[in-house]
Amino acid sequence: MSTDAIVILKDEHKEIRKLFRDFRSAGDNAVKTKGKIIEALTVHTYIENEVMYPEIRRRVPELEDDILESYEEHHVADVLVVELAGMSPDAERFDAKTTVLIENVEHHIEEEEDEWFPKVREALGRKELREIGEEMLARREKAPRRPSQPSALEKTVDAIIK
């Protein structure tokens with residue numbers, strides 16, 4: 001497994017996209033996919049917010065605006081994930097809310113991969129990207145898996161009031 005931060009995030013993006021495809025085709029079995037989506041997004045946004053974004057902000061200051069936008073996109077996803085976690089899959093707005101979440105996350109992934117990951121790779125060497133990736137992998141072990149866990153709730157609340 002690569003420890004390059006960008007490779008790690010792109011691999012997670014692939015898994016998240018797969019979960020979205022599974023959700024779209026799940027029909028009445030969407031409840032199983034819902035839990036997997038919530039867990040994957042909770043972990044993913046946590047390690048990006050806690051490691052990747054602060055490191056890129058510090059090491060590549062010209063990407064400040066991109067990072068701030070990414071924090072806001074995560075905020076939207078976090079709020080939707082918290083709401084979905086408390087909903088039954090047969091709730092009237094469940095599918096609509098999940099669709100909005102998926103559209104927002106897919107947009108976010110495209111921006112990261114197409115616009116600022118190439119700039120990060122150009123600005124940082126392999127050694128720096130591996131250092132960031134190793135920290136991300138270490139944090140993933142302790143990352144919240146559910147939006148109701150204290151570290152995930154703290155991240156969501158901080159995004160709302162800061």
Side-chain angles (χ1 to χ4, degrees), residues 1-26 30 32-85 87 94-124 126 128-141 143-147 151-152 155-156 158-160:
M1 175 183 211
S2 175
T3 59
D4 178 296
I6 292 174
V7 172
I8 292 167
L9 292 177
K10 283 185 170 185
D11 287 346
E12 287 186 4
H13 289 167
K14 284 180 195 170
E15 179 60 28
I16 289 166
R17 284 182 177 121
K18 181 189 178 307
L19 291 171
F20 291 166
R21 284 191 305 276
D22 291 349
F23 175 83
R24 287 178 176 128
S25 64
K32 292 177 185 175
T33 308
K34 170 192 156 185
K36 291 177 184 177
I37 289 172
I38 288 170
E39 180 176 340
L41 290 176
T42 301
V43 171
H44 181 74
T45 61
Y46 180 83
I47 65 169
E48 278 192 329
N49 286 358
E50 295 295 314
V51 181
M52 184 68 165
Y53 295 170
E55 286 297 323
I56 299 309
R57 216 171 164 186
R58 184 174 65 79
R59 297 175 194 226
V60 192
E62 59 270 21
L63 292 179
E64 175 85 8
D65 289 342
D66 295 303
I67 298 299
L68 292 174
E69 182 178 333
S70 291
Y71 276 126
E72 293 305 317
E73 289 170 345
H74 277 195
H75 166 68
V76 170
D78 290 340
V79 169
L80 291 170
V81 164
V82 166
E83 291 175 358
L84 277 173
M87 291 178 81
F94 177 81
D95 286 343
K97 191 173 297 286
T98 305
T99 299
V100 170
L101 172 66
I102 289 170
E103 288 171 354
N104 276 284
V105 171
E106 286 177 334
H107 166 78
H108 171 74
I109 288 171
E110 287 172 19
E111 279 189 341
E112 279 188 345
E113 291 187 359
D114 296 344
E115 295 175 24
W116 69 267
F117 280 2
K119 295 174 187 173
V120 169
R121 185 161 304 285
E122 186 177 316
L124 302 179
R126 280 189 188 145
E128 286 181 287
L129 287 169
R130 281 195 291 257
E131 289 170 1
I132 295 168
E134 288 168 8
E135 178 63 23
M136 287 169 42
L137 292 174
R139 289 281 184 99
R140 181 190 286 154
E141 296 300 315
R145 301 290 190 249
R146 294 177 320 281
S151 52
K155 175 176 63 92
T156 304
D158 283 351
I160 293 169

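Owing to the predicted nature of the structure, the values given are computational and were not obtained by experimental measurement.
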**Item:** Arg140 side chain near Glu12 side chain, heavy-atom distance below 4.5 Å
**Value:** yes
**Message:** When you compare the side chain of Glu112 with that of Met52, does any pair of heavy atoms fall below 4.5 Å?
**Reply:** no
**Prompt:** Do Val60 and Trp116 come close enough that some side-chain heavy atom pair is under 4.5 Å?
**Reply:** no
**Request:** Could you tell me which non-hydrogen atom of Ile47 sits nearest to which non-hydrogen atom of Met136, and how far apart they are?
**Result:** CG2-O, 3.9 Å
**Item:** Heavy-atom closest contact (Pro144 atom, Val43 atom, distance)
**Value:** O-CG2, 3.3 Å
**Message:** With rounding to the nearest 0.5 angstrom, report the CG to NE2 distance, Asn104 to His74.
**Reply:** 11.5 Å
**Request:** Using the salt bridge (charged side-chain N to carboxylate O under 4.0 Å, His left out) rule, take Glu106 and Arg24 through it: C-alpha gap first, then chi angles, then the decisive distance, then the call.
**Result:** CA-CA 14 Å; Glu106 286 177 334; Arg24 287 178 176 128; 3.2 Å; yes
**Prompt:** Is the closest basic N to carboxylate O distance between Glu134 and Arg130 below 4.0 Å?
**Reply:** no
**Item:** Backbone N/O of Glu113 and side chain of Lys10: donor-acceptor pair under 3.5 Å
**Value:** no
**Prompt:** Looking at residues at least two apart in the chain, or sitting in another chain, which of them share a side-chain contact (heavy atoms from CB on, under 4.5 Å) with Glu115?
**Reply:** Glu111
**Request:** Quick one: pull up CZ in Arg121 and CZ in Arg126 and give me the separation to the nearest 0.5 Å.
**Result:** 8.5 Å
**Message:** Counting C-beta onward and ignoring hydrogens, is there a side-chain heavy-atom pair between Val120 and Leu129 closer than 4.5 Å?
**Reply:** yes
**Message:** A side-chain contact here means heavy atoms from C-beta on lying under 4.5 Å apart; do His108 and Glu48 qualify?
**Reply:** yes
**Request:** Compare all side-chain heavy atoms of Glu15 with those of Lys18 and state whether any distance is below 4.5 angstrom.
**Result:** yes
**Prompt:** Between Arg58 and Glu55, is there a salt bridge with N-O shorter than 4.0 Å?
**Reply:** yes
**Item:** Student check: side-chain heavy atoms of Tyr46 and Asp78 closer than 4.5 Å
**Value:** no
**Item:** Closest approach of Ile16 to Ile109 (non-hydrogen atoms, all atoms of both residues)
**Value:** CG2-CD1, 4.3 Å
**From Leu137, Ile56, Asp4, residue fulfilling side-chain contact (heavy atoms from CB on, under 4.5 Å) relative to Ile132** = Ile56
**Message:** Check the orientation of Phe117 and His13. Use parallel for under 30°, tilted for 30 to 60°, and perpendicular for over 60°.
**Reply:** parallel
**Asked** Short question: side chain of Arg145, backbone of Ala143 - any donor-acceptor pair under 3.5 Å?
**Response** yes
**Note, Leu101 side chain near Lys97 side chain (heavy atom, < 4.5 Å)** = no
**Item:** Lys34 side chain vs Met87 backbone, donor-acceptor pair below 3.5 Å
**Value:** yes
